Protein chains: 2
Amino acid sequence: MRTKQSAPALSLAEHKAAIQKENRRVTSYDVALVAGVSQSAVSRCFKPGASVSKATYARVMKAAAALDYIPNAAARSLITRRTNMVAVIISNLANLAYPEALSELSQHIGRRGKRVLLFTLQRETDIGAVLNDVWQYQVDGVIAAATLTDEQVAEFERRRMPLVVFNRGLRGQAVNTVACDHYEAGHMLVAKLATAGHRIIAIIDGPEDNIVGSERRRGAADKLAELGLPPPVIVRGHFDYASGARGLRDIISRLGHVPDAVICGSDVMAIGCLDYARHELGLSVPAQLSVAGFDAVEPSNWLSYNLTTLRQPIQKMASAAAELLHNLIELGEGEVEKRMFASQFIEGATARLTTLPSVSLAA
Amino acid sequence: MRTKQSAPALSLAEHKAAIQKENRRVTSYDVALVAGVSQSAVSRCFKPGASVSKATYARVMKAAAALDYIPNAAARSLITRRTNMVAVIISNLANLAYPEALSELSQHIGRRGKRVLLFTLQRETDIGAVLNDVWQYQVDGVIAAATLTDEQVAEFERRRMPLVVFNRGLRGQAVNTVACDHYEAGHMLVAKLATAGHRIIAIIDGPEDNIVGSERRRGAADKLAELGLPPPVIVRGHFDYASGARGLRDIISRLGHVPDAVICGSDVMAIGCLDYARHELGLSVPAQLSVAGFDAVEPSNWLSYNLTTLRQPIQKMASAAAELLHNLIELGEGEVEKRMFASQFIEGATARLTTLPSVSLAA
DNA sequence: TTGTATGCGTTATCAT
DNA sequence: ATGATAACGCATACAA
């Protein structure tokens, strides 16, 4: 009889009743008492790879199950300095490309035993306000799909908080980045359009503070200049459907006529532009007007649109971001790493991509 | 001179260096030391509405800022029993209606001083696997946009974990719910279609285990039976675009001809169905075929579609869910509450909603 | 392998 | 208003 007599083991029922009455949580001490072992033994049973005998393990697990015991992650994190939480700061889930990114990030991060603590921003400039919360929660790392100021980046460094910036690669900042080369994408698109003989090319850009749109616009404008084509008419939108329609209207009014092609900062704007051209203006696309977008979001592939666009490899990017952050957390700071992905051109059917036969005949 | 001589105040620089060297975090003790007050005083300064003198507050805040001190939420939660985190369990962000819901939930929860800990599910039946994690993180409450078994609901009760089920109102379960009356929506849609003279109505349902689709289908089928119309041909899809096209094809092959109307379990399927009808089959919608969906997701409103559908008041639902959970957390369990919202019929232009003049003339 | 003792960083209680 | 002290629930160094 090796049962402790000094502290007679309470029956399971008594124990549960006591816990209930005192309105406290089930702790490892409770499990230890019921299982007749020490608290540290219980702790070890829940740590993978700890040294526990088969017998002890069995008794502890049985007691734990009986008591509905689950280790308290908050208490654990106090000691281990790991919360197993990763903050994801994301500006606008309405953006159609982001839900997929978030979903992928969540899966990849989950696979590494961590969870996503979500910080959504109404406007991208609100990021300062949420950073304080990020520090409080003691997350293990941060993935930010928003533009950070240099000062904010510096604070991450001061706090030694692992950071990966998603799709906002500021060239100048020494910060780990996973992004798509939006400048190059804009460049490529203009090259394709110019080759097909488009000369008057207009751009519907995103909001002023959005770097993704700006880079795409810069790439496009630079390529136009390089080719000696007229500088583009540029109007601004908010990446949404209505902005696409309004954008085309404004372009035409500024230009006095329909341009050869419109480059839209996002697929949703391209779709808005396309619908407006076809249904409101009665234009034939791409015969009278070429329209192209970016992102290759799902609707761009629908039969009614079949949009000419550039695909961001969102899944690969999410995977890379999760991996990069994981390394940062596990291995500590190394060299600053910037993983750039290229966009893939999707031909679609809303932009004319060969020179007009009539033109070559007439020439 | 009230400065403690026994423990000479370190200079700020010395202090920061010491912390850095020992590789530990900045704690309230550090702040206390620098500010020349007790640790409790520091703690109080970070608790809104605590009684601290103006002078102490100022000195503490100055020291805290100098040291980059932020209270540790994990340590706090150990004693307050509040983590200020709410778990959101969501099945599939690709579903187009969910990103908006998540975004709204995040905003509303954030406004109440809490953050969303995200649990994404590949399949809705994976929920069992994530629940263990949910317990570990000691979240203050859970919003689940997934179907729970009775056993799982029971575990929430046992653990006294506040739970709000989002858009999955199982009629039988005694669980707090915010949902849309999908049965009623299906009912209403058939009523509209039948009034316009449609008789052969087919349904593209969602996956078997999805209750939202099932309810819509049940409502529609029941109304058909009620009106003495032929029972619907029913095929299954996965709520995605391809399922809509495939669904229509299967319906026609099962029926031997084009039905009068197709009811699709989601807008995205309806759009797939619509595109297939128009672009592949060359059917005129709604002249030769009526198509309707559910949810009123953004693309349903685009000019190319202008879909006949039923809008879920997602924003109101998200707001209600956040509020309901908040009350549960603050006030403790009360009566089980089920907040049902009605769908709003969006007329659109893909379903004929008046009887055909030719028919009434011929009759 | 197991148990003892200690500390993680905070809030809360109780004196003063 | 302020300070000492005891939890909160766990992991870990160390002794056995």
Side-chain angles (χ1 to χ4, degrees), chain A residues 2 4 6-7 19 22-60 63-64 67-84 135-138 140 159, chain B residues 2-4 6-7 19 22-33 35-60 63-64 67-84 135-138 140 159:
Chain A
R2 293 168 45 81
K4 279 191 190 174
S6 52
I19 294 169
E22 298 169 31
N23 189 31
R24 51 187 195 77
R25 309 201 248 210
V26 180
T27 73
S28 51
Y29 282 99
D30 298 312
V31 177
L33 214 55
V34 169
V37 298
S38 74
Q39 180 268 333
S40 41
V42 176
S43 175
R44 278 192 283 263
C45 287
F46 284 90
K47 175 178 175 157
S51 87
V52 205
S53 77
K54 208 71 182 159
T56 307
Y57 183 83
R59 292 169 63 195
V60 166
L67 290 172
D68 281 331
Y69 169 75
I70 298 275
N72 183 322
R76 169 182 293 163
S77 77
L78 222 48
I79 309 254
T80 61
R81 292 160 155 257
R82 284 282 164 86
T83 54
N84 290 326
W135 311 139
Q136 288 221 4
Y137 283 103
Q138 307 279 132
D140 296 337
R159 298 187 182 277
Chain B
R2 292 171 45 80
T3 314
K4 279 191 190 174
S6 53
I19 293 168
E22 298 169 30
N23 189 31
R24 48 187 198 77
R25 309 200 248 210
V26 180
T27 73
S28 50
Y29 281 100
D30 298 312
V31 178
L33 215 55
V37 298
S38 74
Q39 182 271 336
S40 344
V42 176
S43 176
R44 277 191 285 264
C45 287
F46 284 89
K47 175 178 175 160
S51 89
V52 206
S53 77
K54 208 71 184 159
T56 306
Y57 182 84
R59 291 168 63 194
V60 166
L67 291 172
D68 281 331
Y69 169 75
I70 298 275
N72 183 323
R76 169 183 293 160
S77 77
L78 219 48
I79 185 109
T80 61
R81 290 159 158 256
R82 284 282 164 84
T83 53
N84 290 327
W135 311 139
Q136 289 219 4
Y137 283 102
Q138 309 279 133
D140 296 337
R159 298 186 182 278

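Quick caveat: nothing in here was measured; it's all calculated off a predicted structure.
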>> Rounding to an integer number of Å, can you tell me how far A:R59 CZ sits from C:dT1 P?
In response: 16 Å
>> Looking at B:Y29, I'd like to know whether one of its side-chain N or O atoms comes within less than 4.0 Å of OP1 or OP2 on D:dG3.
In response: no
> Relative to the 5' end of DNA chain D, which residue comes earlier, B:L78 or B:S51, by the nucleotide with the nearest heavy atom?
Replying inline: B:S51
> When the distance from CZ of A:R25 to C1' of D:dA7 is rounded to whole Å, what number comes out?
Replying inline: 13 Å
>> Can you measure B:R76 atom CZ to C:dC8 atom P for me and round it to whole angstrom units?
In response: 19 Å
> Is B:T56 touching bases, backbone alone, or none of the nucleic acid, heavy atoms closer than 4.0 Å?
Replying inline: sugar-phosphate
>> Nearest whole Å is fine: how far is C:dG7 C1' from B:N72 CG?
In response: 14 Å
>> What's the separation between atom CZ in A:R44 and atom OG in A:S40, rounded to the nearest 0.5 Å?
In response: 4.5 Å
> Which of these nucleotides, C:dG9, C:dT1, C:dT11, is closest to any side-chain atom of A:S53?
Replying inline: C:dT1
>> Tell me the interatomic distance from A:E22, atom CD, to D:dA7, atom C1', rounded to whole angstroms.
In response: 14 Å
>> Just to be sure I understand the rule, does A:Y57 reach a base, reach only the sugar-phosphate, or reach nothing, if contact means heavy atoms closer than 4.0 Å?
In response: nothing
>> Can you confirm whether A:N84 sits close enough to B:Y137 that some side-chain heavy atom of one is under 4.5 Å from a side-chain heavy atom of the other?
In response: yes
> What does the inter-axis angle of the helix from C:dT1-D:dA16 to C:dT16-D:dA1 come out as, five pairs per end, nearest 10 degrees?
Replying inline: 30°
>> Go through it in stages, so that I can follow the logic: the residues are A:D30 and A:R24, the test is side-chain contact (heavy atoms from CB on, under 4.5 Å), and I'd like the CA-CA distance, side-chain angles, deciding distance and then a yes or no.
In response: CA-CA 11 Å; A:D30 298 312; A:R24 51 187 195 77; 2.8 Å; yes
> Once you round to the nearest 0.5 Å, how far does CG of B:N72 lie from OG of A:S77?
Replying inline: 6.5 Å
> In whole Å, what is the span from the CD atom of A:Q136 to the P atom of C:dT11?
Replying inline: 9 Å
>> Looking only at the side chain of A:T80 (C-beta and beyond, no hydrogens), which of the listed nucleotides D:dG9, D:dA7, D:dT12 gets closest?
In response: D:dT12
> When rounded to the nearest 0.5 angstrom, what is the spacing between CZ in B:R76 and CZ in B:R82?
Replying inline: 12.5 Å
>> With a 6.0 Å cut-off (strictly less than), is the heavy-atom count around CZ of B:F46, excluding the residue itself, greater than 12?
In response: yes
>> Without decimals, in angstroms, what is the distance between A:R82 CZ and D:dT12 C1'?
In response: 16 Å
> Can you tell me how far CZ of B:R25 sits from CG of A:L78, rounded to the nearest 0.5 angstrom?
Replying inline: 7.0 Å
>> Tell me the interatomic distance from A:I79, atom CD1, to C:dA5, atom C1', rounded to whole angstroms.
In response: 12 Å
> How far does OG1 of B:T83 sit from CZ of B:R81, to the nearest 0.5 angstrom?
Replying inline: 12.5 Å
> Closest approach of B:A64 and B:V31, non-hydrogen atoms and distance?
Replying inline: N-CG1, 3.9 Å
> Got a sec? Which of residues 38-48 of chain B come in under 4.0 Å of DNA chain C, heavy atoms?
Replying inline: B:Q39, B:S40, B:S43, B:K47
